[in-house]
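Just so we're clear, the structure is a prediction, and the values are computed from it rather than from any experiment. So you know, we letter chains A, B, ... as the sequences are listed, proteins then strands, and number each from 1.
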Amino acid sequence: MKDPNPILAVRNLEISFPGNGGMLPLVSELSLDLQRGRTLGLVGESGCGKTLTSLSILGLTPAPGQVTGGEILYAGTNLVNKSERELDKYRGDRIAMIFQEPMTALNPVFTVGSQIAEVLIVHRGFSNAVAWDKVVQMLDRVGIPDAAKRAHAYPHQLSGGMRQRAMIAMAMVTEPDVLIADEPTTALDVTIQAQILDLMLEMQAALGTAILFITHDLGVVSELADDIAVMYAGKVVETGPARQVLSTPQHPYTRALIETLPASAKPGSRLPTIEGMVPDLATLPTGCRFADRCNRVLDDCRMAQPELESAGDNQLAACFHLGAGQ
Amino acid sequence: MIRFLIARLSQAILVLFIMSYVIYGLMGLMPGDPIDLMISSTPDMTSEDAARLKALYGLDKPLTERYFNWLGAAFDGDLGYSRLRSMPVLDALLPALGNTAVLVGVSFFLTLLLAIPIGIYGALHPYSKTDYGINLFAFVGVSIPSFWQALLLIMVFAVLLGWLPAGGTDIGGEGGAWGGLIYLILPIANLTINGVGGHTRYMRASMIETMRQDFIRTARAKGIGRKRVVFKHALRNALMPVITIIALDFGNLFSGALITETIFAYPGMGKLIFEAVMGNDFNLALVALLFATFFTLLGNFLADVAYAELDPRIRLGGKSR
Amino acid sequence: MTHTVLEARNLKRHFISHHGLINRTTQCVQAVDDVSLELKAGETLALVGESGCGKSTLARCLTLLDKPTAGEILINGEKPKNDLKQYCRNVQMIFQDPYASLNPRLPVGVIIAEPLVIHKIGSKQERRNKVLELLDVVGLRRSDINRYPHQFSGGQRQRISIARALALNPAVIIADEPVSALDVSIQSQILNLFKELQEEFNLAYLFISHDMAVVHYFADRVAVMYLGSIVEEGVTEKTLINPLHPYTRALIDAAPLISKVKRKHGDALKGDPPSPLDPPSGCRFHPRCSYAIEACRSQRPKLEGSGGHKVACSLSDSLHLTPRRRLEGGWA
C-alpha cells in the first residue's frame, strides 16, 4: 500500500516566464506525489514543461523564469521561496539530481573523484582522505571497474556509460531521500541505457530512494516506474499506476501517444498520428489545451479546462468525456 | 605534452632566425645608409673618406654577406655598436629594456588586478545598472586611441592641474623613491586604461558563457554553495581563454608601449626603437626589434603552455577508454 | 522484379593515425571492416548499431563523401565514374539533426532548389515549380518557400531535408537516424511520409537507426553492425523474432517497449562497447557475450547463412536465442 505521507509533494505548482507584457505560466496547477522507495515517471513531449518542473524542485528554474505559485513540500517543509543558502542544505544531500548529458554535466577540468568528493566534504564535513575513500567505494558500487584508478580520471577520459554511472555515484553518495533524474539515458546507447536503468533500480532497492524520472520514452517509463504522470502543454493530464495507465489510458492524449508508437502498429501499415502541433502557450484558447488535436473533441471541451478526476482504480485524468470511445 | 612544447619551442627559434633576416633585409632596403647621413651633415667630407668609411663599416658588401657577418658576430656575443648613442648596442638597450619592463609590468599587473574582478562582477550581475556602467567604461577604454588619451592625460594632470610631470624620467635619481615614481604614473595610467577596457570585456564574456554551461547547473544542484560554484567551478573554466589572451597581450605590450613612451618621453624600448629606425642606427634598431620579436614569441609560447596546463583535455589528450 | 540499385562489396574504411616524434606509433582504426550489402528498389534496409560501430562512416562511404580504403560500390550495376556530381543524382542523404543540417542563412526555397541549380536542371521558373511541387509532396505549405529554417519545428525541418533529398529524383536515400531527434508524435508523421514517398517513387532506403521498434515497423531487411562489421542480416520479421546473433538479441531486449512488467535488473548486456582503436581478438563481440567459448577468442567468424538470413557467429547452429519479448503489437 502507498505510504500516505509522500516524501516529496508538489501542490498546484505554477512556473512563469516573462511574456505577453506580463508573466506567462508555462506550468500550471501541477501536483505530484513522490513516495519513498517508489519511482514516479513524468512523461511528455518536448516543451510540455517536465524539465522545468524538475528543475524548480531544487530551485534551479532557469532565469528569467520563476515559480509564481504553489508549494513544493519536502518532508513537510515548503521549498518555494527559500533562499539559495537554505536550499543548498537540501541540494545534493537530501534531494539529488542527475541530468541528461553526462559529458557536459560534469566539470571538464576536475577529476571525477574530486567532483564526487566535494559533495561529501561540503555536506558531511569529511576530510579529503576520508571523502576520497568513500568516493572509490561508491564508484565501485556503481559498477565502474578499477575504481581507485578511475577516480583520478577526467570526464573526457570516460565513456558515456561510465560518466553517467559517475553522475549517479555523485548523486547517491549522500544517500538522498529523493533522486530527480532528468532524461538520464536519452543520450546513451540502448544497451548502455539498459545497464543504467538496472543500476538505478538496484540503488533504489538498496537505499529506498524515491525517484522522479523524467522522460519522453514510454517504454522506459513502463519498465522503470511504479507510477506515471503524463504532461501536456504545462499541465498534468493523467496520473496513475504506470503499467495500468499505459494499458488502459483514459486521457485522449495518452491514448494517442501510445497509438503513434511504431511498436503499436502492424509493420508496414500507416501509423496513426496526432495532427497539429502543441499550442503556443502565449495564445492559449480557453478550454482544454488538447482540444484542437483531440479526435473526440466536443463543444463543451472548449468552454472550460477539465480538472483531474477519478477515472478508474487510482487513475486520474483531466477530460470531460472519460469513458467514451474506448 | 612535452613533445608539443618542444615542437613549439623549435618553431619559435626558427621564427626568430627568419625575423632577424627579414628585419636586417628591410633595414638594408631603407633609403640611405648611415654614411649618407654623415655626408649630409658633414659638408667637407670627401668621397674618398666616404668610400673608406663604408668599407670600414662593411657597408659596401652585399646584403646577405653582411647578414651572415652580423649573425656570426652575434653568436660570439658581439651585438654591434650603436652609432647614434656611441656605445655598444647592449649598453644602450638594457637600461631601456629595464624601463619598459617596469612600465609594462606594473600596468599589466594593475590591469589584471582591476579587470578580472570587475569582469566577474559584471558577469554575475548582467544587465544591472552597475554592469551597464562597467560595459560603458570598458568600451570607452578600448576605443580611445592611445595617443589621444595620453595627450588628454598630460593636458589635465600636468598642464591644468600641475600635479604630475608631463614626461621624462628622474635623471640622476635626485627625487628619491617618490621622485622616480612620479614620472611613471601617467604612462602607467595610459596603458592601464586601455588594457582594463579590453580585459574586462573578455573576462565578463568568458564568465557569462561559462555560467551558462551544464556543469554549473550540476554544481548548483550539489548544494556546494554559491561561492564554490562561482570561484571554483566557473572561474577555473572562464579563466582559460582569458589567460591565453593575457599571455598573447603580454608579448605585444613591449611594442605597444611605443606610443605611450614616445609621447611621455619615457626612455624605454619603444622610444629607443623609434629613434633608432628614424636615425638609421642600423645595429641598434635591429637588435631592439629582435628583442621585441623575442618577447612576442615568448608571450605566445607562455600562452600555449598555460592553456595546456589548465585544460586536462589538451594536457592528457583524448579518451583512454 | 526488384533490382539492386546500390551495392557495396567488401567495403573497408581504415583511419590511420600517427603518434609521437620519437618512437612513432601508428594506429589503424578499422571503422568499416569488410562490409557488403545490397539495396533494392522500393525496399528498406535498416542498419542497426550503437555508437562506434561504423554506421555513419559506412553511410558517408556510400554517398561518396568519404573514399573507402578498399572494396567497391556499384550503382545500378556499374562503378561510379569519378564524378561525385553524377553520383549524387542517384544517391542522396538525410541527416539526424534537423537543427544542424540546414543552412540557417538560406530560405527554404533556395535550400530545396540548390541541387537543381548545381546540376543546372531546368530554367528558373521550372525550378520554382519543382520546389513548390516538392513542398506539396512533403506536406509543407507553398507559402513556406520564403521562410527560414529557424521558423520551423524539428519535424518540419526534416520535411525540408526530405524535399531537398528528393529534388534530383534519386533512386536511393540514405537516412541517418532521421527520426531519432523528433518527438514521438512527430516521428509517426515522418515515418508515414517516408513510406508514402517510397511507394510513389520506388525509392530504396538505407535506414540507419538504433531503435529496434522503428526498424521492426519500417524495414524490410535489417543488418546489425558491431565494431565495423555486419554480424547478422536478414528479413526483419524473421531476424527480430529469431535472432541468430547474441548481440542482435541484446539489442532487441534492450529496446524500450511498453512492458507489462516492471524491469528486473540483471537483463542488460554487460560491458562497454569496445574501442575501435583496440578491438578484441577473434570475434569482436566475445568479451561481452555470455555464450563465448575459447574458440571465440581466436577465430573470427564469417558472415554466412542460408535463405537470406546470415550471421557471423561460430555457435549459431547450437544457440537458441529467444528475445525476452516480441517487438510487435505494442506489448511485451
Side-chain angles (χ1 to χ4, degrees), chain A residues 39 44-48 143 145 159-162 185 188-202 205 215-226 242-243 246-247 253 256-278 293, chain C residues 48-53 153-156 179 182-192 195-196 210-220 236-237 247 250-251 253-273 275 288 326-332:
Chain A
T39 305
E45 297 178 294
S46 44
C48 71
S159 69
M162 291 293 152
T185 56
L188 302 174
D189 279 324
V190 77
T191 51
I192 307 297
Q193 171 171 280
Q195 292 176 1
I196 297 296
L197 293 178
D198 278 350
L199 176 62
M200 291 179 68
L201 282 172
E202 224 182 281
T215 180
H216 63 274
D217 191 328
L218 294 179
V220 167
V221 128
S222 76
E223 294 202 332
L224 192 74
D226 299 294
R243 283 160 289 285
L246 293 172
S247 63
Y253 175 62
L257 210 54
I258 296 170
E259 281 170 6
T260 63
L261 289 179
S264 304
K266 229 170 119 59
S269 65
R270 198 185 154 76
L271 286 173
T273 58
I274 309 182
E275 292 311 316
M277 281 171 47
V278 180
R293 308 173 74 190
Chain C
V48 180
E50 296 178 300
S51 29
C53 73
S153 69
Q156 289 170 322
V179 295
L182 303 175
D183 273 328
V184 159
S185 61
I186 310 294
Q187 261 189 43
S188 54
Q189 293 177 12
I190 301 299
L191 287 174
N192 282 340
K195 255 264 169 305
E196 278 163 29
H210 64 272
D211 188 338
M212 276 304 198
V214 170
V215 164
H216 181 247
Y217 162 75
F218 190 68
D220 299 296
T236 314
E237 188 71 33
Y247 181 59
L251 283 178
D253 283 348
L257 296 172
I258 302 185
S259 170
K260 278 201 170 99
V261 288
K262 191 169 167 179
R263 183 183 190 87
K264 284 193 232 327
H265 61 249
D267 277 338
L269 183 66
K270 313 232 177 312
D272 270 334
S275 162
R288 302 171 81 189
R326 288 178 66 89
L327 276 173
E328 146 202 326
W331 279 99

A.B. asks: Enter the distance from D183(C):CG to L257(A):CG here, rounded to the nearest 0.5 Å.
C.D. replies: 9.0 Å
A.B. asks: Can you give me the closest heavy-atom contact between T191(A) and A254(C), atom names plus distance?
C.D. replies: CA-CB, 4.1 Å
A.B. asks: Given heavy-atom pairs under 4.5 angstrom as the criterion, report whether the side chain, backbone, both or neither of I192(A) touches chain C.
C.D. replies: both
A.B. asks: For the residue pair I258(C) and I258(A), establish whether any side-chain heavy-atom pair is separated by less than 4.5 Å.
C.D. replies: yes
A.B. asks: Heavy atoms only, distances under 4.5 angstrom: which of E223(A), H216(A), M200(A) has the most pairs with chain C? Name it, please.
C.D. replies: E223(A)
A.B. asks: Is the backbone N or O of L261(A) less than 3.5 Å from a side-chain atom of Q187(C), with the two atoms forming a donor-acceptor pair by type?
C.D. replies: no
A.B. asks: Tell me, for P272(A) versus chain C, whether the close heavy atoms (under 4.5 Å) come from the side chain, the backbone, both or neither.
C.D. replies: backbone
A.B. asks: Any non-hydrogen side-chain atom of M212(C) less than 4.5 Å from a side-chain atom of V190(A)?
C.D. replies: no
A.B. asks: For a quick test of reading the model, state the closest non-hydrogen atom pair linking Q195(A) to K270(C) and the distance between them.
C.D. replies: NE2-C, 3.5 Å
A.B. asks: Pick from T260(A), L271(A), T273(A): which one makes a side chain to side chain contact (heavy atoms under 4.5 Å, CB included) with L191(C)?
C.D. replies: L271(A)
A.B. asks: At a heavy-atom separation under 4.5 Å, does E45(A) approach chain C through its side chain, its backbone, both, or neither?
C.D. replies: both
A.B. asks: Using modelled atom types only, decide if a donor and an acceptor are shared between the side chain of N192(C) and the backbone of R270(A) within a distance under 3.5 Å.
C.D. replies: no
A.B. asks: Quick check: do H216(C) and P267(A) have side-chain heavy atoms less than 4.5 Å from each other?
C.D. replies: yes
A.B. asks: Considering non-hydrogen atoms only, spot the tightest contact between A213(C) and A263(A) and give its length.
C.D. replies: CB-CB, 4.0 Å
A.B. asks: Compare every heavy atom of Q189(C) with every heavy atom of E275(A), then report the nearest pair and how far apart it is.
C.D. replies: CA-NE2, 4.4 Å
